> 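Below is a structure I'd like to ask you about.
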Amino acid sequence: MIYIIGNDIKIFDKLDSTNNFVKQNYTNLTHGSVVVAKLQSDGRGRRDNTWTSELGNLYFSILFKDDIDRLNIFKHIVYSSISVIRLLKIHYIDAKIKYPNDCLADNKKITGILIESSGSSILDYVIVGIGININQDSFIKSDFTATSFKMILGKDFLINDILNEYLDIYNKILKMDYEVLFKEYLDCSIVINKHINYLGEKYLIKSIEKDGSIVIRNKSSERRVAYSKISLKELY
Ligand code: BTN
């Protein structure tokens, strides 16, 4: 695999969704391409949610298409969310990861990540779509409370500077040992030992496994649940 992203960066004033653009054009785009939109008319979040995308924030998608095993998809969650945590740290923002990949500062959502793929065991592509709230200074209350760089630090930022910082960090992270990164991911994670409802029953979250599944336990049973099968909305 070539561990470089961002050699080709395409910037658009407006797209429906950067993830859609990459999905529709992945055969013509090289591995590691980055597609940015200043505005998205149909930004998408996880679980079919809308990602409202006004001017002033960073919306982009990264394409991975070389040699990707389905079993490694969770690694992309770890890479992308740890890169956000490190980016925020540069700006003195302390953030945590709400499993699987929401980044929270002040317990409010500052970044959302939508990972999409196609293919069977060896995938055609993985698209990592990232929305980072930068210069927005208020948010309509939805399922979660949101925040931004500006709301925390009280000033505007250049979106391109933040993108370049993020890509530098991501490229460094792609070269690191996964075990080390996974440990960093666990250290930043806020869900272990929290209670959740799963299929109508209350469970305690015991651990996050390397493949991204979580182990939950209650008095009568212990289960391992894949990350795609669980929503932790209640933990905001
Ligand atoms: C979530 O938290 O639900 C994930 C939100 C992901 C939003 C980003 S913005 C860039 C990319 N394009 C999209 O349509 N979605 C992702």
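Residue indices begin at 1 and follow the sequence shown. Atoms within a ligand are numbered from 1 in the order they appear, just like the ligands themselves. Since this is a predicted model, take the numbers as computed values, not measurements.
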> As a test of understanding, state which of Phe74, Tyr99, Tyr79 forms a ring pair (Phe, Tyr, Trp, His ring centres under 6.0 Å) with Tyr185.
Phe74
> Which of the atoms of ligand 1 are close to Phe60, meaning less than 4.0 Å from one of its heavy atoms?
10 (C)
> Which atoms of ligand 1 sit under 4.0 Å from any heavy atom of Asp102?
2 (O)
> Please determine if Lys65 forms a cation-pi arrangement with Tyr26, meaning its NZ or CZ atom is less than 6.0 Å from the six-membered ring centre and no more than 45° off the ring axis.
no
> If you draw a 6.0 Å radius around CZ in Arg70, do more than 12 non-hydrogen atoms from other residues or ligands fall strictly inside?
yes
> Determine whether any heavy atom of Asn49 lies closer than 4.0 Å to an atom of ligand 1.
no
> Side chains of Ser61 and Phe21, heavy atoms from C-beta outward: is any pair under 4.5 Å?
no
> Name the one of Asn133, Asn135, Asp156 that satisfies side chain to side chain donor-acceptor pair (under 3.5 Å) with Lys150?
Asp156
> Ion pair present between Asp187 and Lys183, side-chain N to carboxylate O less than 4.0 angstrom?
yes
> Only heavy atoms of Gly131, strictly under 4.0 Å: list the atoms of ligand 1 that pass.
8 (C), 9 (S)
> Any N or O of Trp51 that comes nearer than 3.5 Å to an N or O of ligand 1?
no
> Relative to ligand 1, is Asn20 under 4.0 angstrom through side chain, backbone, both or neither, heavy atoms considered?
neither
> Test your reading of the structure: does Asp42 have an N or O sitting under 3.5 Å from an N or O of ligand 1?
no
> Can you sort out which atoms of ligand 1 are near Gly45, meaning under 4.0 Å from one of its heavy atoms?
1 (C), 3 (O), 4 (C), 5 (C)
> Do NZ/NE/NH1/NH2 and the carboxylate oxygens of Asp42 and Arg44 come within less than 4.0 Å?
no
> Among Lys109, Lys98, Arg46, which one has a heavy atom closest to atom 2 (O) of ligand 1?
Lys109
> Can you tell me the protein heavy atom closest to atom 15 (N) of ligand 1 and the distance?
Arg44 O, 2.7 Å
> Do any nitrogen or oxygen atoms of Tyr59 lie less than 3.5 angstrom from nitrogen or oxygen atoms of ligand 1?
no
> Is the shortest heavy-atom distance from the side chain of Glu165 to the side chain of Ile162 under 4.5 Å?
yes
> Which atoms from ligand 1 have a heavy atom of Gly43 less than 4.0 Å away?
14 (O)
> Where is the nearest protein heavy atom to atom 11 (C) of ligand 1: which residue, which atom, and how far?
Thr18 OG1, 3.3 Å
> Tell me the closest heavy-atom pair linking Ile82 and Glu184, and the distance in Å.
CG2-OE2, 3.4 Å
> Record the part of Gln40 in heavy-atom contact with ligand 1 below 4.0 Å; permitted values are side chain, backbone, both and neither.
side chain
